[in-house]
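This report concerns only the one structure given below.
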2 protein chains.
Amino acid sequence: MTDMPATPRRRGAARTEELLQVTLDLAAEVGYAGLSIEAVGRRAGVGKHTIYRRWPSLSALLLDALSRVWTSDLDYRDTGDVRADLREQFLRSGLALSSPPIGPVYRAVIAEAQADSMLRATLHERFLATVEQSTLDRITRAQRTGELTAEANLEFAAEVLCGTLYYRSLLSTRPIDEDAVDGLLDMFMAAYGTGN
Amino acid sequence: MTDMPATPRRRGAARTEELLQVTLDLAAEVGYAGLSIEAVGRRAGVGKHTIYRRWPSLSALLLDALSRVWTSDLDYRDTGDVRADLREQFLRSGLALSSPPIGPVYRAVIAEAQADSMLRATLHERFLATVEQSTLDRITRAQRTGELTAEANLEFAAEVLCGTLYYRSLLSTRPIDEDAVDGLLDMFMAAYGTGN
DNA sequence: ACTCGATCGGCACGCTGCGTGCCGATGCTG
DNA sequence: CAGCATCGGCACGCAGCGTGCCGATCGAGT
């Protein structure tokens, strides 16, 4: 009579990994509303301590879960055509932001962040600023190659580009479709493009 | 022995008014974290039914409270200089968005909206789209007077302008200061200004 | 191989807020 | 001044939070 559990219990670092995955699965299935420490624990068959030992709060867990799936695809291609590269990346990011599991987890973090300015700073630092920086890098290269005017203040431009996408996907009810991206890029290129 | 209450009880419409004010006061004092139906009821010396009879949820109450203080100052001036008019309005809105009671209430609504797509639609319709429309009206006039190029797609432009402000004040940790507004307007005018 | 300590799952607690139901009082309307 | 909608107060069951304690389980060091 083997009442060995199918999988042996408790593993330290491996548990951490598993909990992050369970969080993402939960987010994909039930969305933000169903995300709670209790729900993650229940789903993973885990005591709440096992979660609290690793993360001080639900927000911290969500941030780590987000890192797991958001780190890739951050970098822009560089085909030499800055407009095309931005377009491709914006459409890709827009899709990711509106699909599970990234969409629900992002929404959850943003909701929590509204009540917690520390979390807001962390969110900005670990995600938003990183995305802006990656955009800034790409358009700075374009400025060097003469695709963009030398006078352009690219730091603000990167913020405007990314901010508009976040605004549309998280606060507005409109999708990030080709029209939206093209409209945004029309304005950006009209402002700072050299026509090369 | 007059145990008359200082103020006579219960008044129907006047209670509604009072509850909205209490909500704003609470938001200004304790921020989003302290906003709950119970807290508003406690503060107003009111049973929860009195609130639930008027609003189906905390979000609905918050939206109405927001209307009370956000309706004014929505319209742009029209001095004939579109850049100056936008600049003034953006700085005013930016200040309002980051101060009590509007800031905390706005944050609270946005947090709730992340878990409720219906609320997100209502938020967008009653506030975000209204602000965008008002911006669109102003820049459309500027296009007619020749301050902006005829080819500009102003609908997207209005979204980019407003979206950037919301992004900065609600998701970023940066303030909406003169530099930010000037950077945004630099890009907008570089794209669509005629130099008139 | 065996011991010992860290980690584990499970259960319980008190606290807060939600949304609803019921009560007796209060005050406006007719 | 009578009748009734509205009111404040209290209670309920439910859920999640963050913490404390228990005995089981695993794995590191000998």
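Order of the sequence lines fixes the chain letters, A, B, ..., with proteins taken first and strands second; residue numbering starts at 1 for each chain.
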Exercise. Taking only N and O in the side chain of T50(A), is any of them less than 4.0 Å away from OP1 or OP2 of dT7(C)?
Worked result: no
For this session: Output yes when at least one side-chain N/O atom of R15(B) is less than 4.0 Å from OP1 or OP2 of dG8(D), else no.
Result: yes
Distance check needed: [N] [atom2] versus [X] [atom1], whole Å only.
X: Y32(B); N: dG17(C); atom1: OH; atom2: C1'; value: 12 Å
X: I51(A); N: dT7(C); atom1: CD1; atom2: C1'; value: 15 Å
X: R53(A); N: dG10(C); atom1: CZ; atom2: P; value: 14 Å

Problem set entry | Partner residues of S98(A) under the side-chain contact (heavy atoms from CB on, under 4.5 Å) criterion, sequence neighbours left out |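 side-chain contact (heavy atoms from CB on, under 4.5 Å) list for S98(A), sorted by chain: empty.
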Problem set entry | Listed partners of A96(B) passing side-chain contact (heavy atoms from CB on, under 4.5 Å), at least two apart |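 For A96(B) the side-chain contact (heavy atoms from CB on, under 4.5 Å) partners, ignoring immediate neighbours, are W70(B), I102(B).
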So do [Y] and [X] actually touch side chain to side chain, heavy atoms under 4.5 Å?
X: L20(A); Y: L61(A); result: yes
X: R83(A); Y: E147(A); result: no
X: E125(A); Y: T173(B); result: no
X: Y167(B); Y: V160(A); result: no

For this session: Taking only heavy atoms on the protein side, list every residue of residues 109-121 of chain B lying under 4.0 Å from any atom of DNA chain D, sorted numerically.
Result: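 By residue number: none to list.
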Show me the protein contacts with nucleotides 14-20 of chain D, counting only N or O atoms at under 3.5 Å.
unit_1: dG16(D); atom_1: OP2; unit_2: R42(A); atom_2: NH2; d: 3.1
unit_1: dC17(D); atom_1: OP1; unit_2: I37(A); atom_2: N; d: 3.3
unit_1: dC17(D); atom_1: OP2; unit_2: I37(A); atom_2: N; d: 3.2
unit_1: dC17(D); atom_1: OP2; unit_2: E38(A); atom_2: N; d: 3.0
unit_1: dG18(D); atom_1: OP2; unit_2: Y52(A); atom_2: OH; d: 2.7
unit_1: dG18(D); atom_1: N7; unit_2: K48(A); atom_2: NZ; d: 3.0
unit_1: dG18(D); atom_1: O6; unit_2: K48(A); atom_2: NZ; d: 2.8
unit_1: dG20(D); atom_1: N7; unit_2: H49(A); atom_2: NE2; d: 2.8
unit_1: dG20(D); atom_1: O6; unit_2: H49(A); atom_2: NE2; d: 2.9

Problem set entry | Distance-only polar pair, side chains of S134(B) and Y76(B), donor-acceptor under 3.5 Å | no
Exercise. D85(A) and Q89(A): side-chain donor and acceptor closer than 3.5 Å?
Worked result: no
Exercise. Does a salt bridge link R107(B) with D116(A), judged by any charged N lying under 4.0 Å from a carboxylate O?
Worked result: no
For this session: Look at all strands and tell whether G45(A) reaches a base, only sugar-phosphate, or nothing, counting heavy atoms closer than 4.0 Å.
Result: sugar-phosphate
Problem set entry | Pairs meeting criterion side chain to side chain donor-acceptor pair (under 3.5 Å) with involvement of residues 22-43 of chain B, two or more places apart |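 Every pair satisfying side chain to side chain donor-acceptor pair (under 3.5 Å) with a residue in residues 22-43 of chain B: Q21(B)-D25(B), E29(B)-R43(B), E38(B)-K48(B).
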Problem set entry | Inter-end axis angle, the helix from dA1(C)-dT30(D) to dG30(C)-dC1(D), with every axis fitted to five base pairs (rounded, 10 degrees) | 20°
Problem set entry | Cluster link V109(B) to L97(B), ILVMFWY, side chain under 4.5 Å |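 Linked within one cluster.
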